[in-house]
Amino acid sequence: MRPLEELRVSQAEEPRMRPLEELRVSQAEEPRMGTAEELRVSQAEELRMRPVEESRVRRRVAELVSRATDGELKVEEIMAADCSLTALGVGSLAFLRLIDALEEEYGVQIDLAAPAGALDSLDEIVAHLGATR
């Protein structure tokens, strides 16, 4: 056994305790919480951006539909249509191609067992993508 003196750590070797003031983070370094008004402005900006983002997604989905139909349907025709994709002439093979493209591009899973017609229009597909994000 070692003598007690050997076990004691000299004061010079002891870890120095820092004063509380050194441990406190200055106000400038603290993350600032936004005011209620700043939060409302931020939310309003986000809401204004949604239609822009939605129109981009809508156009991109129309491009994917056009590609899935091997160009038989034009992007403008798909975007202007006020009917189902089936009524536009999108067949089952084109739907499978479209689903593959949507899953790959947007990282979503589309249930093939979903009720027929659940995602049979451009707007329904865009809404589904928005809900899964």
Side-chain angles (χ1 to χ4, degrees):
M1 277 192 95
R2 293 191 291 173
L4 187 58
E5 290 76 30
E6 286 181 33
L7 294 176
R8 288 192 181 134
V9 178
S10 73
Q11 258 193 327
E13 294 173 347
E14 282 185 30
R16 179 172 134 343
M17 297 296 289
R18 292 174 29 188
L20 186 57
E21 291 76 31
E22 286 182 32
L23 296 176
R24 287 193 179 128
V25 178
S26 73
Q27 264 192 329
E29 294 172 349
E30 284 183 25
R32 187 176 162 276
M33 296 297 289
T35 64
E37 180 61 28
E38 289 170 333
L39 183 58
R40 279 192 294 277
V41 169
S42 172
Q43 288 172 339
E45 287 172 358
E46 183 180 326
L47 288 174
R48 272 196 304 273
M49 292 304 291
R50 280 189 189 158
V52 172
E53 177 65 20
E54 189 173 298
S55 74
R56 282 189 204 134
V57 171
R58 192 170 196 282
R59 177 152 191 93
R60 181 62 186 144
V61 171
E63 290 168 356
L64 293 174
V65 171
S66 180
R67 186 183 313 156
T69 62
D70 292 325
E72 288 180 25
L73 294 173
K74 303 298 177 215
V75 173
E76 291 74 23
E77 180 182 5
I78 297 163
M79 291 186 69
D82 191 22
C83 60
S84 70
L85 295 176
T86 303
L88 282 175
V90 177
S92 58
L93 180 57
F95 265 113
L96 289 175
R97 290 179 185 162
L98 175 61
I99 288 169
D100 284 342
L102 292 168
E103 289 179 339
E104 185 176 318
E105 183 146 337
Y106 292 99
V108 296
Q109 289 290 325
I110 297 176
D111 185 10
L112 294 176
L119 296 176
D120 192 29
S121 75
L122 185 61
D123 292 331
E124 289 168 351
I125 294 170
V126 171
H128 178 74
L129 293 174
T132 58
R133 286 182 155 199

>> Using every non-hydrogen atom in the two residues, find where L88 and I78 come nearest and quote the distance to one decimal.
In response: CD1-CA, 4.2 Å
> When you measure from the side chain of E103 to the backbone N and O of I110, does any donor-acceptor pair fall under 3.5 Å?
Replying inline: yes
> Counting N and O atoms only, with roles assigned by atom type, does the side chain of E124 sit under 3.5 Å from a partner on the main chain of S121, one being a donor and the other an acceptor?
Replying inline: yes
> So do the side chains of L64 and R67 get within less than 4.5 Å of each other, counting heavy atoms only?
Replying inline: yes
> Looking at L119 and F95, what are the two nearest heavy atoms and their distance?
Replying inline: O-CE2, 4.0 Å
>> Restricting to salt bridge (charged side-chain N to carboxylate O under 4.0 Å, His left out), what partner residues turn up for E63, sequence neighbours left out?
In response: R59, R60
> Partners of R97 by side-chain contact (heavy atoms from CB on, under 4.5 Å), sequence neighbours excluded?
Replying inline: A68, D70, L93
> What's the shortest heavy-atom distance between A62 and L122, and which atoms?
Replying inline: N-CD1, 3.7 Å
>> Between T69 and V90 (side chain of the first, backbone of the second, donor and acceptor by atom type, cut-off under 3.5 Å), is there such a pair?
In response: no
> Looking at side-chain heavy atoms only, is the closest gap between L98 and I125 below 4.5 Å?
Replying inline: yes
> Hey, what do you get for CG (L85) to CG (L73), rounding to the nearest 0.5 Å?
Replying inline: 8.5 Å
> What residues form a side-chain contact (heavy atoms from CB on, under 4.5 Å) with A127, not counting sequence neighbours?
Replying inline: none
> Given side chains that start at C-beta, do those of R58 and D123 come closer than 4.5 Å, heavy atoms only?
Replying inline: yes
